[in-house]
Amino acid sequence: MQALSIQAKIVLLFVLLISVSFLATSYVVLKTNKAHIQEDMMHQLLAGVATFEKMLILHRQTFFQMVTILVQEESFQKAVKSRNVSAIFAHITQHIPHKNVEASWKVVEGSTALAESSKRMLSTRTFACPSPSLETSEVGVTVFAQELYQTIQVPIFEAKNSTWLCIHFWVDDVWLHELSQTTHLDYAFLQQTKETRWRVIASNLNEVFQQVLIDEVTTQTLPLAQKPKEVVLYKQKWLLVPSVFSEQPTTLIGFFLLPLESADEVMAVLELRLAGLFLSAVLIFFFVSWWLAKGVTSPLRLLLSKIKDMTASSKIEPLKLNLPSEIAELAEEFNRMQKVIQKREREIQYRAFYDHLTGLANRNFFQERLGETLKLAHQNQSKISILVMDIDRFKEINDTLGYHTGDQLLKQLAQRLSYAFRHVNLIARMGGNEFALLLPNTSEQEVATIAEQVQEIFNKPFGVGGLALELTIRMGIALYPDHAKNTTLLLQKANIAMEQARDKQSHFRIYDQELDKHSVLRLSIMGELKSAVKNNELVLYYQPKVDLIGSAVTQVEALVRWIHPKHGLINPEAFVPIAEQTGHVRYLTQWALQSALKQCYEWQSLNIPLQASVNISTVDLMDVQLVHKIEQLFNTISVPPKCLMCEVTESAIMKDPKRAITVLNGLSAMGIQLSIDDFGTGYSSMAQLKKLPVQEIKIDRSFITHMLVDRNDEIIVKSTIELGHNLGLQVVGEGVDDEKIFERLKSLKCDRVQGHYISPPLSITEFSKWLLHQSKP
């Protein structure tokens with residue numbers, strides 16, 4: 001997934017900040033407004049209920065005053081005494097001109113009705129005046145024949161309070177509806193019958209809501225406490241408060257409701273407006289932040305574009321751009337850094353292709369050129385000869401006269417070869433005291449003549465340090481396509497011929513397969529290597545890596561050895577190249593990985609925190625299934641991935657960089673650490689190194705061995721350590737064979753060292769003893 005640009009991150013940050021701030025503010029506003037709206041509706045409900053009850057009280061009090069004035073008139077009292085029903089009726093209709101008065105009235109003396117009227121088709125038995133001793137509420141609402149009435153009873157004679165005028169005023173739906181519109185409340189009056197059932201007496205709710213309300217009261221889901229509460233009736237939200245109007249002889253409760261739809265509508269409008277404001281704010285902040293970010297990142301993009309152009313052209317061109325001061329300083333620093341890095345890269349690249357001591361081509365360059373020449377020879381059907389040589393008993397010269405004398409001798413030899421064979425295609429120092437000549441289009445007779453010319457060079461003594469040294473040279477010759485058809489085998493055949501020359505005490509020898517004592521062994525190895533894995537003929541030797549800070553051993557390199565049942569111990573140099581050629585190296589690597597992980601598991605159980613390094617060949621690195629194979633090993637062997645480090649060479653990576661990086665990324669994603677082995681001898685550049693997901697680089701022993709006597713070697717080692725640290729990598733020096741080199745690497749702040757000075761590769765038994773000895777104080 002591609003990382004976000006700086007401009008995108010700035011815009012995203014601005015938008016995120018405004019979004020979080022606005023959403024938090026909106027949440028507070030909505031919550032506060034909702035609380036205020038609910039509180040206002042609560043007050044509205046309580047005020048409406050109070051108004052409703054006051055209107056009922058006022059209605060009753062008005063008629064109570066009318067009735068009180070009526071019963072105090074002498075003419076009305078005379079009509080009552082004479083029990084003149086028509087006169088009583090005339091007085092009532094005259095003094096109380098209201099249609100509801102006609103509902104019912106009764107003049108009662110004791111328990112005897114003197115006169116009465118019921119014009120709403122109500123039975124006289126239905127209207128029973130309450131007992132004079134029974135106090136009624138201020139509202140005075142009662143139920144007769146499933147209708148609401150307000151009852152007023154007033155004594156007619158002050159002296160004889162057993163004679164009463166009892167009037168029932170009908171509270172009709174029209175009056176209740178007008179009252180509901182005044183208070184903006186919905187209402188429902190429910191009565192509980194003697195059978196404890198509830199029924200609606202009066203309501204402006206539809207039948208569905210009435211039934212739901214009855215069900216809620218019957219199941220006691222709806223509280224009857226006279227407190228406002230939010231309820232849900234038939235999927236609608238209401239604010240409800242009950243009010244008890246009478247409890248004798250049956251319970252009469254009025255429910256007053258205020259729908260919350262209006263509150264939801266207000267909140268919906270508010271939410272919509274806030275959403276509009278939010279979108280507007282986000283858009284405004286988006287464009288403002290985009291404009292600001294563009295002003296910041298445009299100079300950086302311009303600088304990056306110029307840097308990419310320079311990288312693509314591989315030229316040192318100072319950046320000269322009209323940039324803000326801070327970016328200009330960055331460009332200036334980049335110019336300086338580029339010069340330093342390019343200088344170091346040139347040095348490293350030079351060392352990768354040329355021998356630092358003699359100035360001749362090195363083994364890597366020779367092999368590369370040989371490969372190219374073989375392709376041309378194959379196309380042109382021509383011959384190629386290679387001549388390899390080394391000096392007899394050169395080790396004795398180093399041991400007797402010192403490495404410096406040996407180096408001076410090698411320089412003189414290189415000069416003589418370069419002068420005598422300046423027209424030869426390529427002269428290379430293959431390492432140590434071994435040199436090689438690449439001779440295209442030469443026959444066997446011609447290359448033999450050249451070998452004679454080389455011998456003439458050695459006929460003259462070499463003057464070094466006031467001494468005249470006579471040297472003996474041994475040369476081996478191999479031809480394409482007579483002896484081999486690829487680079488590795490051709491060099492191998494030439495080296496075998498050189499050994500044949502040494503065995504025969506002759507100056508040079510052309511490869512002869514019949515005299516190749518290694519051929520049978522090599523053929524045996526090619527056929528038996530795969531079965532050696534199955535037959536447990538392979539073992540791992542372990543060479544420790546010591547941390548220079550604290551001198552602790554935290555890593556070991558696992559090296560494969562073959563215990564052949566016939567040939568005995570075979571070093572990897574004898575069978576690994578063949579395994580790579582035949583493709584059997586995959587089985588070898590799989591075995592080495594599995595064995596190393598098993599050993600890590602044993603160390604882990606003993607609380608020994610060691611990381612094992614295993615070499616991954618070019619063939620393995622090109623295998624896209626390598627990651628899956630290693631993942632399966634971890635599934636069967638319970639060790640953390642950090643216990644394993646895979647070492648790969650630069651040349652292996654450069655064979656197919658794209659595929660190699662894909663495989664390395666897969667290994668890194670599993671948590672496996674990676675190391676570049678023989679760093680400085682391959683072809684990788686700085687641009688390629690920074691793409692690799694590695695944690696460690698190992699400086700090749702060819703730079704380490706002579707760093708104390710060769711200033712150039714020391715500069716390369718020092719630069720490589722600094723480069724590795726600047727890239728956040730651990731640096732390991734391999735080939736540390738004496739204390740002076742150990743101490744010098746320590747002063748250069750190299751992270752770890754490996755070599756015979758610390759310990760040679762050991763079997764697991766010997767390594768365990770060595771490790772136990774190291775742990776003792």
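Please read all numbers here as calculations on a predicted model, not as lab measurements.
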Counting only N and O atoms by type, is there a donor-acceptor contact under 3.5 Å from the side chain of His483 to the main-chain atoms of Leu479? yes
Using a cut-off of 6.0 Å, state whether more than 12 heavy atoms not belonging to Phe458 lie near its atom CZ. yes
With rounding to the nearest 0.5 angstrom, report the OG to CG distance, Ser675 to Leu729. 9.5 Å
State whether the side chain of Asn380 and the backbone N or O of Leu376 hold a donor-acceptor pair below 3.5 Å, judged by distance alone. yes
Determine whether the side chains of Thr649 and Asp678 contain a donor N or O and an acceptor N or O closer than 3.5 Å. no
Glu734 bridged to Arg701 by N-O distance under 4.0 Å: no
Look at the side chain of Gln695 and the backbone N and O of Leu674, then say whether any donor-acceptor pair between them is shorter than 3.5 Å. yes
Is there side-chain contact between Leu471 and Leu413, with heavy atoms separated by less than 4.5 Å? no
Phe394 CZ: over 12 foreign heavy atoms closer than 6.0 Å: yes
Evaluation steps, salt bridge (Lys or Arg N to Asp or Glu O under 4.0 Å), between Arg363 and Asp355: CA-CA 8 Å; Arg363 175 183 290 274; Asp355 178 56; over 6 Å; no
Supply the atom-to-atom distance His706 NE2 to Ile741 CD1, rounded to the nearest 0.5 angstrom. 9.0 Å
Give me the atom names and distance for the closest heavy-atom approach of Ala484 to Leu490. CB-N, 3.5 Å
How far apart are the C-alpha atoms of Asp620 and Val585, what are their side-chain angles, what is the distance that settles it, and do they pass the side-chain contact (heavy atoms from CB on, under 4.5 Å) test? CA-CA 8 Å; Asp620 296 309; Val585 72; 4.2 Å; yes
Apply the test side-chain contact (heavy atoms from CB on, under 4.5 Å) to residues Ile457 and Phe421: give CA-CA distance (whole Å), side-chain angles for both, the deciding distance (0.1 Å), then the verdict. CA-CA 11 Å; Ile457 294 175; Phe421 301 100; 3.7 Å; yes
Heavy-atom check, side chain of Thr618 versus side chain of Val648, under 4.5 Å: no
Is Glu766 reaching over with its side chain to a backbone N or O of Ser763, donor-acceptor style, under 3.5 angstrom? yes
For residues Ala596 and Leu540, report the shortest heavy-atom separation together with the two atoms involved. N-CD1, 3.6 Å
Counting heavy atoms not belonging to His725, are there more than 12 under 6.0 Å from its NE2? yes
Decide side-chain contact (heavy atoms from CB on, under 4.5 Å) for Thr720 and Lys718; before the verdict, give the C-alpha distance in whole Å, the side-chain angles of both, and the deciding distance to 0.1 Å. CA-CA 5 Å; Thr720 304; Lys718 182 179 180 181; over 6 Å; no
Establish, from distance only, whether the side-chain atoms of Asp738 and His756 form a donor-acceptor pair under 3.5 Å. no
With rounding to the nearest 0.5 angstrom, report the OH to CG distance, Tyr354 to Asn362. 9.0 Å
Between Phe365 and Phe353, what is the ring plane arrangement, given parallel below 30°, perpendicular above 60°, and tilted in between? perpendicular
State the CG-CD1 distance between Leu387 and Ile427, to the nearest 0.5 angstrom. 10.5 Å
Do Met475 and Val454 come within less than 4.5 Å of each other through their side chains, counting heavy atoms only? yes
Using the ring of each side chain (for Trp, its six-membered ring), is Tyr542 parallel, tilted or perpendicular to Phe767, with breaks at 30° and 60°? tilted
Does any donor atom in the side chain of Ser747 or Arg744 lie under 3.5 Å from an acceptor atom in the other side chain? yes
Atom pair CD (Gln367) and OG1 (Thr488), whose distance is rounded to the nearest 0.5 Å: 6.5 Å
Report yes if some heavy atom in the side chain of Glu434 is under 4.5 Å from a heavy atom in the side chain of Asn495; otherwise report no. yes
Side chain of Thr442, backbone of Leu439: donor and acceptor closer than 3.5 Å? yes
Do Asn398 and Asn433 have side-chain heavy atoms sitting under 4.5 Å apart? no
Any donor-acceptor N/O pair, Asn535 side chain to Glu537 backbone, under 3.5 Å: no
Can you check whether Gly432's main-chain N or O pairs, donor with acceptor, with Arg429's side chain at less than 3.5 Å? yes
Please tell me if the side chains of Ile661 and Leu692 come closer than 4.5 Å, counting only heavy atoms from C-beta onward. yes
Judged by modelled atom types alone, do Asp700 and Ser702 share a side-chain donor-acceptor pair under 3.5 Å? yes
As an exercise, state the distance from CG of Leu664 to CG of Leu626, rounded to the nearest 0.5 Å. 9.0 Å
Under the side-chain contact (heavy atoms from CB on, under 4.5 Å) criterion, do Leu437 and Ile386 qualify, and how do the steps go? CA-CA 6 Å; Leu437 303 180; Ile386 61 171; over 6 Å; no
Considering only heavy atoms from C-beta outward, does the side chain of Tyr480 approach that of Lys383 to under 4.5 Å? no
If a pair satisfies side chain to side chain donor-acceptor pair (under 3.5 Å) and one of its residues is in residues 467-477, list it, with sequence neighbours excluded. Asp392-Arg474, Arg474-Gln505
Ignoring hydrogens and geometry, is there a side-chain-to-backbone donor-acceptor pair from Gln455 to His507 under 3.5 Å? no
For the residue pair Phe366 and Met430, establish whether any side-chain heavy-atom pair is separated by less than 4.5 Å. yes
Pair Ser668-Asn665, side-chain donor/acceptor within less than 3.5 Å: no
Taking atom NZ of Lys629 as the centre, report whether more than 12 heavy atoms of other residues, nucleotides or ligands fall under 6.0 Å from it. yes
Please check this pair: side chain of Ser382 against backbone of His378, looking for a donor-acceptor N/O pair closer than 3.5 Å. no
Find out whether the Lys NZ or Arg CZ of Arg416 is both under 6.0 angstrom from the six-membered ring centre of Phe462 and within 45° of the ring's axis. yes
Identify the two heavy atoms, one from Asn615 and one from Ala558, that lie closest to each other, and give their separation to 0.1 Å. ND2-O, 4.2 Å
Is it true that Glu499 and Arg502 have a side-chain N and a carboxylate O under 4.0 angstrom from each other? yes
Ignoring hydrogens, what is the shortest heavy-atom contact between Glu452 and Phe508? Give both atom names and the distance. OE2-CE2, 3.6 Å
Closer than 4.0 angstrom, basic N to acidic O: yes or no for Glu743 and Lys746? no
Salt bridge present between Lys545 and Glu557 (N-O < 4.0 angstrom): no
Taking CD in Gln453 as the centre, count heavy atoms belonging to other residues, nucleotides or ligands within less than 6.0 Å. Is the count above 12? yes
Ignoring hydrogens, what is the shortest heavy-atom contact between Ala494 and Val388? Give both atom names and the distance. O-CG2, 3.5 Å
Donor-acceptor under 3.5 Å (Glu696 side chain, Ile676 main chain): no
Of all the heavy-atom pairs spanning Gln754 and Pro544, show the shortest one and how long it is. CG-O, 3.9 Å
